[in-house]
Amino acid sequence: MIKISPSVLACDFTRLGEEVEDIRKNGADMVHIDVMDGIFVPNISFGLPVISALRKKSDMIFDVHLMIDRPERYVERFIDAGADIVTFHIEATDCVSETLAKIRARGRLAALSIKPATPAEAVFPYLDECDMILVMTVEPGFGGQSLIPETIDKVRVISEEIKRRHLAVDIQVDGGIGPKNAHLLTKAGANILVAGSSVFGAPDRREAMDAMRVCDA
Ligand code: DX5
Ligand code: ZN
C-alpha cells in the first residue's frame with residue numbers, strides 16, 4: 001500500500017495545528033516534519049518545542065526527518081518531543097548503527113536517509129538495522145524544488161536489495177513529488193511518498209493525495 005506523508009514545511013505555520021488536522025481529515029497516512037539546523041543543510045526550519053506543541057494537538061504518526069549534524073546527540077529528545085519515526089542522514093554521522101539502535105531501543109521506527117549524491121549501496125550494510133530508507137529526490141534543505149530524475153534508479157536498486165534479502169524495510173522518497181511523477185517512484189519500489197507543496201498547495205488536498213496513491217508496478 002502506498003502511504004502519503006505531507007511535509008508541513010509547505011503549510012501555513014501560523015495555523016500549524018489546523019493544517020495538520022486538515023491533512024489528517026483528508027486522508028494523510030502520517031505527517032512529515034522537516035528539522036533543519038543550518039549546518040547539515042543551508043537552512044533552518046524549527047525544532048523540539050514546535051514538535052512538542054504539535055504533539056499535544058495531534059495523534060497522527062509524526063515522521064520526523066532530521067537534517068541535522070551529528071543526529072546522535074538529539075534523537076532521544078526528538079522521541080521525547082513526540083517523534084514516531086526518526087530519520088537521520090548517513091552523511092551526518094559516524095555512528096549510524098548506534099543511532100539506529102538508540103531509536104529502536106525506545107520503540108520507535110528508525111530510518112536512514114541518503115542525499116542525491118550518495119550511492120544506493122551506502123545503505124546496504126544497515127538494511128537489517130532499520131525500518132525505513134529515505135531516498136532524497138532533491139538536495140535537502142528547501143521545499144518546492146524539482147525532483148532529480150537520476151535519484152529514481154537508486155530507489156529501484158535499494159528495493160531489489162531489500163527483496164533479495166527478504167527484509168521488511170519501507171522506502172520513502174522526498175522532494176519534488178506530486179501526482180505527475182508519483183507513479184515513477186512507486187514503480188521503482190517506493191511505498192511512502194513525502195509531498196510538501198503538491199499537497200498543501202493543492203486546491204483539493206484529498207484529491208492530490210489520492211492521485212499519488214497509484215502504483216502501476
Ligand atoms: C527538503 C525536505 C522535504 C520538502 C519537500 O529538504 O526534506 O521534505 O519539504 O517539499 P516539496 O514536496 O515541496 O519538494
Ligand atoms: Zn523531508
Side-chain angles (χ1 to χ4, degrees), residues 2-13 16 19-20 22-23 26 28-47 50-51 54 60-69 71 74-75 78 83-92 109-118 123 130-152 154-155 170-186 190-203 205 207-213:
I2 311 296
K3 293 182 180 170
I4 309 294
S5 187
S7 166
V8 292
L9 206 56
C11 85
D12 176 354
F13 284 142
L16 182 58
E19 290 278 74
V20 169
D22 184 70
I23 52 148
N26 281 300
D29 297 282
M30 56 187 83
V31 56
H32 187 83
I33 301 176
D34 286 305
V35 177
M36 304 177 184
D37 67 352
I39 295 170
F40 180 68
V41 290
N43 198 7
I44 298 176
S45 56
F46 49 75
V50 173
I51 298 175
L54 194 57
M60 283 192 80
I61 296 170
F62 281 11
D63 166 32
V64 175
H65 178 192
L66 298 178
M67 285 162 275
I68 66 173
D69 185 47
Y74 286 102
V75 288
F78 279 99
D84 297 296
I85 303 172
V86 183
T87 302
F88 64 91
H89 276 263
I90 196 168
E91 305 88 356
L109 298 178
L112 193 56
S113 182
I114 49 171
K115 297 205 284 185
T118 304
V123 302
C130 60
D131 302 287
M132 182 176 90
I133 298 294
L134 165 54
V135 177
M136 286 306 298
T137 44
V138 298
E139 279 304 332
F142 300 89
Q145 305 179 72
S146 300
L147 179 139
I148 301 169
E150 291 74 26
T151 58
I152 300 176
K154 296 202 292 180
V155 174
D170 290 314
I171 303 183
Q172 183 177 65
V173 281
D174 179 9
I177 298 167
K180 290 205 176 90
N181 56 17
H183 67 286
L184 299 173
L185 297 153
T186 54
N191 67 320
I192 305 178
L193 308 181
V194 175
S197 7
S198 70
V199 170
F200 283 101
R205 292 172 176 177
E207 199 177 273
M209 286 190 267
D210 285 346
M212 283 187 260
R213 285 196 188 85

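Excluded from the calculations below are hydrogen atoms, water molecules and symmetry mates; all remaining heavy atoms, backbone and side chain alike, are included. Read the numbers this way: they start at 1 and go in the same order the structure lists the ligands and their atoms.
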Subject >> Which residue and heavy atom of the protein sit nearest atom 3 (C) of ligand 1, plus the separation >> reply: Asp174 OD1, 2.9 Å
Subject >> Geometric class of the Phe13/Phe46 ring pair [parallel <30°, tilted 30-60°, perpendicular >60°] >> reply: perpendicular
Original post:
Is Val31 close to Ile61 at the side-chain level, that is, under 4.5 Å between some pair of heavy atoms?
Top reply: no
**OP:** Check Asp174 and report its N/O/S atom nearest to the Zn ion (ligand 2), by atom name.
**Re:** OD2
**OP:** Restricting to N/O/S, name the atom of Asp34 that gets closest to the Zn ion (ligand 2).
**Re:** OD1
Original post:
Can Gln172 and Asp63 be said to form a side-chain contact (heavy atoms from CB on, under 4.5 Å), step by step?
Top reply: CA-CA 11 Å; Gln172 183 177 65; Asp63 166 32; 2.8 Å; yes
**OP:** Just jot down the ligand 1 atoms closer than 4.0 angstrom to any heavy atom of Met136, in number order.
**Re:** 7 (O)
Original post:
So how far is it from Asp170 CG to Asp131 CG, rounded to the nearest 0.5 Å?
Top reply: 8.0 Å
Subject >> Interatomic distance, Leu112 atom CG to Ile90 atom CD1 [nearest 0.5 angstrom] >> reply: 4.5 Å
Original post:
Is Met212 close to Ile177 at the side-chain level, that is, under 4.5 Å between some pair of heavy atoms?
Top reply: yes
Subject >> Lys115, NZ: over 12 other non-hydrogen atoms inside 6.0 angstrom >> reply: yes
**OP:** Enumerate the atoms of ligand 1 whose separation from the nearest heavy atom of His32 is less than 4.0 angstrom.
**Re:** 8 (O)
**OP:** Give the name of the N/O/S atom in His65 that lies closest to the Zn ion (ligand 2).
**Re:** ND1
Original post:
Short list, please: which atoms of ligand 1 are under 4.0 Å from a heavy atom of Met36?
Top reply: 6 (O)
Subject >> Heavy-atom side-chain contact between Val173 and Leu193 under 4.5 Å >> reply: yes
Subject >> Proximal ligand 1 atoms for Ser7, defined as those under 4.0 Å from one of its heavy atoms >> reply: 8 (O), 9 (O)
Original post:
Any ion pair linking Asp29 and Arg213 (charged N to carboxylate O, less than 4.0 Å)?
Top reply: yes
Subject >> Ser198 N/O under 3.5 Å from ligand 1 N/O >> reply: no
**OP:** Distance to 0.1 Å, residue and atom name: give those for the protein heavy atom nearest to atom 12 (O) of ligand 1.
**Re:** Gly196 N, 2.7 Å
**OP:** Check Ala195 against ligand 1 and report side chain, backbone, both or neither, counting heavy atoms closer than 4.0 Å.
**Re:** backbone
**OP:** Answer yes or no: does an N/O atom from Gly144 fall short of 3.5 Å to an N/O atom of ligand 1?
**Re:** yes
**OP:** Look only at interatomic distance and state if Ser197 has a nitrogen or oxygen under 3.5 Å from any nitrogen or oxygen of ligand 1.
**Re:** yes
Subject >> Those atoms of ligand 1 less than 4.0 Å from some heavy atom in His65 >> reply: 7 (O)
**OP:** If you have a sec, work out which protein heavy atom is nearest atom 1 (C) of ligand 1 and how many Å separate them, to one decimal?
**Re:** Phe142 O, 3.5 Å
**OP:** Starting from atom 14 (O) of ligand 1, locate the nearest protein heavy atom and write down its residue, its atom name and how far away it is, to 0.1 Å.
**Re:** Gly176 N, 2.8 Å
**OP:** Go through ligand 1 atom by atom and flag the ones less than 4.0 Å from a non-hydrogen atom of Gly175.
**Re:** 14 (O)
Original post:
Can you tell me the protein heavy atom closest to atom 6 (O) of ligand 1 and the distance?
Top reply: Gly141 N, 2.7 Å
Subject >> Per-atom contacts of ligand 1 with Met67, taking only distances under 4.0 Å to non-hydrogen atoms >> reply: 6 (O), 7 (O)
Original post:
Is the closest side-chain donor-acceptor distance between Asp34 and His32 under 3.5 Å?
Top reply: yes
**OP:** Flag the pair Pro116 / Pro140 as yes when at least one side-chain heavy-atom distance between them is below 4.5 Å, and no otherwise.
**Re:** yes
**OP:** Please indicate whether Glu91 has more than 12 foreign heavy atoms, meaning atoms of other residues, nucleotides or ligands, lying under 6.0 Å from its CD.
**Re:** yes
Original post:
Any idea which atoms of ligand 1 are less than 4.0 Å away from a heavy-atom of Pro140?
Top reply: 6 (O)
**OP:** Can you pull out the closest protein heavy atom to atom 10 (O) of ligand 1? Residue, atom name and distance to 0.1 Å, please.
**Re:** Gly143 CA, 3.7 Å
